[in-house]
Amino acid sequence: MSEKYNPQDIEHKWQEQWEADKLYRAQVDWSKPKHYAVTMLPYPSGDLHIGHWFAMTPSDARARYMRMKGFNVLFPMGFDAFGLPAENAAVQRNIHPAKWTHANVEGMRGQMRSMGAMFDWERETVSCDPDYYRWTEWFFKQFYLNDLAYRGEALVNWSPTLQTVLANEQVIDGKDERTGQPVIQKMMTQWFFRYTRYADEMLDFSQIDWPEPIKIMQTNWIGRSEGARVVFKSEQGDPIEIYTTRPDTLWGATFMVLSPEHPLVEKMTTDAQRSAVEAYIQQAASATEIERMSEDREKTGVFTGGYAINPVNQARIPVWIADYVLITYGTGAIMAVPAHDQRDFEFARKFGLKIQVVIQPEGGTLDGDTMAEAYPGVGYMINSDLFDGTYASEDKGRKNPAINAVIDWLEESGIGREAINYRLRDWLISRQRYWGSPIPIIYREDGTMELVPDDQLPVLLPEDVDFMPTGRSPLTYHEPFFKTADSEGKPARRETDTMDTFMCSSWYWYRYLSPGYDKGPFDPEDAAYWLPVDVYTGGAEHATMHLLYSRWFTKAMRDLGMFDETMEVMRDNDRDPAGLFDEPMLLLRNQGQVLGGERPGDFILATGRYEGEKLFADRVEVVGGPNDVPAGFDGVFGEIVKRTENLLTVKMAGVNRVVEVVPEAQVSIPGIEGENTVNQLKHHLEIQRMSKSKGNVINPDELVAEYGSDTVRAYLMFAFDWEKGGPWDPDGIRGPMRWLNEVWDMVMAGPQAETGDPASERDIERKVHQTIGRVSDGLERFSWNTAIAALMELKNTLRPAAREGKIGREAWHETMRTMLLLMAPFTPHIAEELWASIGGAYSIHQQPWPDYDAEKAKEERVMLVMLVNGKPRGETLVAPDITEAEAVQMALESEVVRRFLNGGQPKKVIFVPARGGQEPKVNV
RNA sequence: GGGGGAGUGGCGGAACUGGCAGACGCGCAUGACUUAGGAUCAUGUCUCUUACGAGGUAAGGGUUCGAGUCCCUUCUUCCCCA
């Protein structure tokens with residue numbers, strides 16, 4: 001027996017060899033078909049965790065497979081390097097974000113090399129490098145020059161104590177995460193991209209193969225609705241435009257509701273109502289939009305004292321303000337039709353407003369005074385002048401006869417017009433942070449603004465900055481940065497907001513193509529060959545953000561002519577560019593998350609009132625462990641094993657106890673100053689999801705040191721449903737470890753006989769071809785676990801046969817060669833080493849993928865399964881291509897079937913022919 | 001609150017268009033070899049039943065010759081908006 005399998009001896013060796021030979025450098029080669037595979041680039045948090053391996057190594061396996069299939073494969077890697085954690089580190093540890101980030105990039109790049117992936121490191125891009133963000137800024141300029149970027153008003157999180165804007169992540173439960181100070185919602189001027197311009201096009205997925213849930217989520221996120229815009233007038237004559245999806249209910253509008261932020265509120269408010277209105281506006285400012293959209297919430301609102309005229313029937317209706325109307329959706333004002341809209345109904349009931357029925361269900365007698373809930377359904381229009389009797393179906397938009405007729409009439413009479421509305425809002429890209437790409441804008445003394453000229457790009461982030469622990473961006477108090485001059489040399493102020501990091505990640509796969517190129521974001525010569533991205537892999541959590549921004553970006557680039565040159569080069573090379581620049585990635589697949597394994601939960605002390613076994617806790621304290629329980633403590637204490645909302649399951653003396661944390665409970669969490677809330681407790685107790693702060697990290701470096709990279713790769717691809725992910729099980733890795741050990745021993749042992757047993761060799765050949773089919777299919781379908789299961793099965797078949805000398809020298813070599821080729825994408829190092837040991841030519845990764853031969857894979861005899869009423873009753877050996885007539889006859893004549901039919905006649909006879917590796921079946 | 005998933009042995013999971021549920025692996029059990037075993041090898045491993053057989057894919061209902069797969073109701077759970 002040869003030496004034992006020791007991954008440490010071979011993995012590093014081959015990684016260096018591949019690197020030295022530039023084995024994975026991808027070069028444009030028009031004579032070969034290309035394959036551009038991208039996996040989402042990581043944020044350089046400092047530590048590569050198992051989740052990165054889970055996302056990247058299967059993508060690598062597939063890229064390797066495509067290469068063996070004959071494609072010229074580009075598989076690059078980079079870092080999404082701007083973002084808040086670097087700034088937090090700067091405040092907490094007094095390290096400059098750039099330094100922190102680059103150190104992390106260094107470290108992670110090194111860790112990533114141990115994956116043995118075929119990343120082309122010469123194409124690495126790091127989004128915080130000036131060489132990269134120069135082009136992020138350039139994109140901003142192009143969007144601005146083409147009316148895709150503009151300045152507008154938006155609600156932001158404003159801290160009155162700190163006098164600064166906070167990012168959403170910095171706000172928890174309406175308070176600043178760090179200081180616990182209250183945060184209010186305030187309208188401020190921000191930069192936007194015209195996201196909704198491509199809303200309709202983004203609803204069209206016909207050109208891309210993306211997972212169905214992603215398409216549904218994006219569709220709902222865009223939220224297209226059809227309806228009408230109608231102009232009401234205040235009694236003073238000011239127009240108040242509203243948007244409605246139900247213009248057929250206009251006659252039932254008995255009041256109007258404006259968002260508290262609506263510009264007309266002040267003018268409409270009467271003196272008598274002024275103080276109430278102002279108090280309400282202040283109260284509304286402290287609620288977040290998510291809270292305001294919640295339908296369960298008790299409706300609140302205040303009468304302005306003003307009235308408006310309903311343009312369809314001249315009715316004088318009161319105007320209210322309420323926080324369930326959002327300034328950022330539609331027009332910030334609604335007509336309220338309480339009879340047919342549930343939220344309006346609840347509002348009207350609460351404040352005693354009139355409810356007027358205008359859609360009557362067939363044969364029904366709805367009455368506004370007595371109805372218990374809004375009736376949004378089907379019926380005939382009533383109390384609607386000339387439209388009385390028009391049928392309102394359940395269809396939306398123009399398909400509904402009532403809506404259709406009313407829209408026509410609104411347009412004829414000039415009261416309103418047909419309109420499409422989107423839930424999607426424009427993309428707010430301003431961030432009040434330091435560590436992001438600067439916005440290349442200068443504000444001049446006269447109030448106008450100008451763009452920073454191209455030859456001055458990038459606007460560099462200053463390095464000599466101090467971070468104050470307030471959450472305020474240092475750019476706002478760094479004079480050398482913001483004090484500048486305009487094109488005429490007059491004093492001017494530079495924009496101190498930076499761009500959303502989603503901007504950086506919306507175009508990085510273009511930069512990979514030519515990372516050093518300085519005449520544009522990418523070189524058309526490279527782009528013409530590689531684009532578009534053929535396969536994109538990453539987490540589904542990016543469904544409505546990154547993946548939608550990316551589509552918008554590509555469409556905008558296309559319309560601004562940024563691909564024109566690329567298309568020219570394509571045509572020069574006889575490649576038709578039609579439709580290739582409408583979408584960034586043709587095929588998308590998502591992996592799930594690998595969760596941390598078991599770990600000790602947080603230990604808490606809780607006291608309060610008992611109801612049976614359950615404790616309603618009004619005081620909860622997070623402590624280090626059992627040693628921190630005060631003597632004589634009489635509440636519930638123990639480890640939290642589970643948390644659902646504010647229900648905690650606490651393991652106390654081996655018994656699980658349920659603790660409900662009441663909303664006003666007094667909570668204390670070490671490390672978070674001031675008075676803590678239930679929400680912070682919830683936040684703190686995210687016990688499952690893996691992250692460094694939660695202490696249940698699986699460190700891939702340690703696993704690699706113990707088992708080797710190939711085993712870790714194989715385990716990650718084998719033990720999970722890739723799309724689902726799941727908790728890490730430290731024991732399961734033994735399976736793949738044994739597999740590789742046994743493969744190693746088997747190959748190293750060499751052939752045990754000069755000539756083998758012909759029948760066994762035929763069986764082996766069949767198994768090999770079945771395996772080629774199954775492994776290829778698994779790789780095509782992103783079903784790594786079934787592919788590896790097939791390889792394990794092959795090993796299980798080969799090993800005893802080889803050991804017993806049933807495979808002759810020649811067949812043995814042929815079989816092992818094929819098996820190693822099939823393993824190469826998954827476990828590249830051991831495949832290379834064993835390949836070399838049996839005399840294969842370097843490198844196995846440059847060999848063609850084995851051909852599948854269906855004839856060789858075919859079984860000679862298969863079981864015919866005979867079922868009665870869907871239950872298997874018997875089986876018999878037949879030829880795989882048995883005809884229906886033969887099979888049916890065989891079944892009907894068989895003893896088992898006759899016995900189960902019990903002399904009766906079959907209701908129906910169904911024959912299912914053999915297909916896809918399954919046996920033929922007869923059901924009677 | 002809204003949106004999207006997922007519930008299959010002790011565990012991870014398989015079952016591609018409805019067609020023998022539990023492939024492959026972990027764990028476990030029994031035996032073998034060992035000074036030893038967290039090594040290796042062999043066999044077994046959904047439940048009930050002596051057997052014939054019956055039941056079984058979160059719960060309940062439906063469609064079908066046939067349902068883990070399709071439809072309806074309920075429950076649980078994870079993710080995203082955060």
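Protein chains get the first letters and strands the later ones, always in sequence-line order, with residue 1 at the start of each.
- Base orientation of G10(B): anti (glycosidic angle beyond 90° from 0).
- Of the candidate nucleotides C79(B), A82(B), C26(B), A82(B) has the atom nearest to the side chain of Met545(A).
- Atom pair Leu794(A):CG and C24(B):C1' shows a separation of 13 Å (rounding to whole Å applied).
- Computed from coordinates, the Leu864(A) CG to C20(B) P distance equals 13 Å when rounded to whole Å.
- Residues satisfying the ring pair (Phe, Tyr, Trp, His ring centres under 6.0 Å) test with Phe82(A), not counting sequence neighbours, are Tyr133(A), Trp435(A).
- In this structure, Trp221(A) reaches the sugar-phosphate backbone alone: every heavy-atom distance under 4.0 Å involves primed, P, OP1 or OP2 atoms, never a base.
- Residue Asn590(A) places no side-chain N or O under 4.0 Å from the OP1 or OP2 atom of G4(B).
- Between the side chain of Asp323(A) and the main chain of Ala284(A), no donor-acceptor pair closer than 3.5 Å is present.
- Annotation: C48(B) and U63(B) have their C1' atoms spaced 30 Å apart (nearest Å).
- For Lys724(A), taking side-chain heavy atoms from C-beta onward, the closest of the listed nucleotides C20(B), A14(B), A6(B) is A6(B).
- Contact annotation for Gly539(A): no contact, since no heavy-atom pair falls under 4.0 Å across all strands.
- Distance CD (Glu793(A)) to P (A23(B)): 10 Å, rounded to an integer number of Å.
- The residue Asp777(A) sits apart from the nucleic acid: no heavy atom pair falls under 4.0 Å.
- Distance CD (Gln342(A)) to P (G2(B)): 12 Å, rounded to an integer number of Å.
- Note on ring orientation: taking the six-membered ring where Trp is involved, the planes of His546(A) and His542(A) are perpendicular (angle over 60°, cut-offs 30° and 60°).
- Ring geometry for Trp427(A) against Tyr195(A) counts as tilted: the plane angle lies between 30° and 60°, on a 0 to 90° scale.
- Cation-pi geometry between Arg423(A) and Trp221(A) is met: under 6.0 angstrom from the ring centre, within 45 degrees of the axis.
- Rounded to an integer number of Å, the gap from CD of Glu723(A) to P of C16(B) is 14 Å.
- Atom CD1 in Ile788(A) sits about 11 Å away from atom C1' in G25(B), given to the nearest Å.
- Listed nucleotides: G5(B), G12(B), C79(B). Nearest to the side chain of Gln593(A): C79(B).
- Base pairing of G60(B): its partner is C72(B), meeting the Watson-Crick or G-U wobble criterion (both donor-acceptor distances under 3.5 Å).
- Atoms CH2 (Trp722(A)) and C1' (A14(B)) sit 18 Å apart, rounded to a whole Å.
- Listed nucleotides: G25(B), G4(B), A14(B). Nearest to the side chain of Pro213(A): G4(B).
- Residue Arg781(A) places at least one side-chain N or O under 4.0 Å from the OP1 or OP2 atom of A15(B).
- Both the sub-6.0 Å distance and the 45° axial angle are satisfied by Arg551(A) relative to the ring of Trp210(A).
- A donor-acceptor contact closer than 3.5 angstrom links the side chains of Gln432(A) and Gln190(A).
- Taking the six-membered ring where tryptophan is involved, the planes of Tyr549(A) and Phe502(A) are tilted, since the angle between them lies from 30° to 60°.
- Among residues two or more places apart in sequence or in another chain, the side-chain contact (heavy atoms from CB on, under 4.5 Å) test is passed with Lys396(A) by none.
- Residues passing the side-chain contact (heavy atoms from CB on, under 4.5 Å) test with Thr245(A) are Ser225(A), Tyr243(A), sequence neighbours excluded.
- Put simply, Asn220(A) has no side-chain N or O that comes within less than 4.0 Å of OP1 or OP2 on G2(B).
- Searching all strands for a Watson-Crick or G-U wobble partner of U50(B) with both distances below 3.5 Å returns nothing.
- Using C1' as the reference atom, A21(B) and G68(B) are 7 Å apart when rounded to the nearest Å.
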Output one line per pair: protein atom, nucleotide atom from nucleotides 39-46 of chain B, and distance, for all N/O pairs under 3.5 Å.
unit_1	atom_1	unit_2	atom_2	d
A39(B)	OP1	Arg734(A)	NH2	2.4
C41(B)	OP1	Arg799(A)	NH2	2.2

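- Sequence order on RNA chain B of the closest nucleotides to Glu706(A) and His542(A) puts Glu706(A) first from the 5' end.
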Check nucleotides 66-70 of chain B against the protein and report each pair of N or O atoms closer than 3.5 Å, with its distance, or say if there are none.
none

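- Base contact: Ile910(A) has a heavy atom under 4.0 Å from a base atom.
- Rounded to a whole Å, the OH atom of Tyr422(A) is 20 Å from the P atom of G3(B).
- Under the Watson-Crick or G-U wobble criterion, with both distances below 3.5 Å, C24(B) is paired with G12(B).
- Using Watson-Crick or G-U wobble geometry with both donor-acceptor distances under 3.5 Å, U17(B) finds no partner in any strand shown.
- With a cut-off of 3.5 Å on both Watson-Crick or G-U wobble distances, the partner of A42(B) is given as U30(B).
- Asn590(A) and Tyr536(A) form no side-chain donor-acceptor contact under 3.5 Å, judged by distance and modelled atom types alone.
- Listed by first and then second residue, the salt bridge (Lys or Arg N to Asp or Glu O under 4.0 Å) pairs involving residues 770-780 of chain A are Arg62(A)-Glu780(A), Arg774(A)-Glu793(A), Asp777(A)-Arg781(A) (not counting sequence neighbours).
- One finds no side-chain N or O of Asn785(A) lying less than 4.0 angstrom from the OP1 or OP2 phosphate oxygen of C24(B).
- When each of Ala789(A) and Gly725(A) is assigned the nucleotide of RNA chain B with its nearest heavy atom, Gly725(A) is the one assigned upstream, toward the 5' end.
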